[in-house]
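Here's the structure, in structure tokens; my notes come after.
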Amino acid sequence: MIHIQNLNFHYDVRQVLHDINLQLDTGSITGLIGPNGAGKSTLMRCMAGLDSPSSGTVLLNGKPILDDPRASFAQLGYLPDMFGLPEGLTVLQCLTYAAKARGVSDEMMNAAVVGTVEKLGLRDKIHHKVSALSRGQKQRVGIGQVIVHQPKFLLLDEPASGLDPEARHELSLLLLDLKAGGMTILVSSHILSELDEYCTHMLVIKNGRIQAHQALHDDHPNQQTVLLKFFRLPENGLQKLQAIDLIDEIQEKDDGVWVKLAQGEAARVALLRELVARDLPVCEMQPVKTTLLQSYQDSLNINKGEL
Ligand SMILES: Nc1ncnc2c1ncn2[C@@H]1O[C@H](COP(=O)(O)OP(=O)(O)OP(=O)(O)O)[C@@H](O)[C@H]1O
């Protein structure tokens, strides 16, 4: 688990992170999003132990990351948004160097490097020099360098930039695979539809402050939102809906009435019965899947014109 306590960060006199308190649970993938200059990269650098906060602490499994940096770095993989690769080295040499630097033993080296090129679809490039790779292939080598030692925590700053659509999809599958292996992952991106494919949580930062940190995709099997459409809802329709016990919350929107149910799927059957019994002319009912984009806009109050 990554735990951040009361973290503040300044560049000279300018404060860019304000009292960050945060916990990333083991096996979660968190999408880090926010406007340009919000502080995402700075937060990641602090979490990677590369920048020292002005105050506050980053804990990896309960231990301050800067207490024993070598041990911390062995558990961490961090890919910055801009990274350089040694153009004269081969893919094999890059990955071997990265693995050695993070403490992979000679006995494990071959399996670690081969496993990584397989995962990243770079097997046929293993003896190619970096200078002969495309931008997307270099990006993949960069990702390979930070997962070759099988870290517990992975921090990726805009990892999909430069990747083609197929490679982006493969990156999604790779992240899901790493998550299934128990890795805790934080990924920043401006492409929200992509984060939607694999993130379990969303962390929104604006002006150096946490704006929202929440689970996505209705992880609660006992709660759901459904969209109801009516054929001419009577004037007292909303009152009638409010009187139904199954319903927790009601919101009237352009596309119909959104209701939050405090129970699982069986509640939809019961709700239909109630609607018919109360003479409410329902003609459509569908579960609502909240996208990351909607959650993000809600958290930044975009719809209320604050941006
Ligand atoms: N080395 C630096 N020295 C001084 N100020 C910096 C430095 N790096 C970043 N900043 C400032 O800190 C703030 C946060 O920058 P940061 O790069 O963390 O934002 P970001 O959310 O990652 O932005 P983007 O989405 O554009 O990558 C910005 O206002 C930026 O101008």
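Just so you know, ligand 1 is whichever comes first in the structure, and atom 1 is the first atom listed for that ligand.
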Select the closest option to atom 27 (O) of ligand 1 among Cys46, Gly208, Ser41, judged by heavy-atom distance.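 Nearest option to atom 27 (O) of ligand 1, by heavy atoms: Ser41.
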Atoms in ligand 1 flagged as close to [X], the criterion being non-hydrogen separation under 4.0 Å:
| X | answer |
| --- | --- |
| Arg14 | 11 (C), 29 (O), 31 (O) |
| His190 | 25 (O) |
| Thr42 | 14 (C), 15 (O), 16 (P), 18 (O) |
| Ala38 | 19 (O), 20 (P), 21 (O) |

In the protein, what heavy atom is nearest to [atom], and what distance, to one decimal place, separates them?
| atom | answer |
| --- | --- |
| atom 3 (N) of ligand 1 | Tyr11 CD2, 3.5 Å |
| atom 25 (O) of ligand 1 | Lys40 NZ, 2.7 Å |
| atom 28 (C) of ligand 1 | Gly37 O, 3.7 Å |

Measure Asn36 to ligand 1 on non-hydrogen atoms and call it side chain, backbone, both or neither using the 4.0 Å cut-off.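 The answer is both, backbone and side chain.
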Less than 4.5 Å apart, side chain to side chain, heavy atoms only: is that true for [X] and [Y]?
| X | Y | value |
| --- | --- | --- |
| Cys199 | Thr30 | no |
| Val257 | Leu227 | no |
| Leu7 | Leu17 | yes |
| Asp157 | Leu79 | no |

Do the side-chain N and O atoms of Asn8 and Ser54 include a donor-acceptor pair separated by under 3.5 angstrom?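 Their side chains do not contain a donor-acceptor pair, so the 3.5 Å distance test is not met.
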State whether a side-chain donor-acceptor pair under 3.5 Å links Glu87 with Ser131.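 Per modelled atom types, Glu87 and Ser131 side chains form no pair under 3.5 Å.
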Looking only at distance, does [X] have an N or O less than 3.5 Å from an N or O of ligand 1?
| X | result |
| --- | --- |
| Gly34 | no |
| Asp81 | no |
| Gly39 | yes |

Going by the side chain to side chain contact (heavy atoms under 4.5 Å, CB included) test, name the single residue among Leu92, Leu95, Thr116 that passes it with Ile126.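 So the option named by the test is Leu92.
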Between Val148 and Ala112, which heavy-atom pair has the shortest distance, and what is it?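 Shortest heavy-atom separation between Val148 and Ala112 comes out as O-CB, 3.6 Å.
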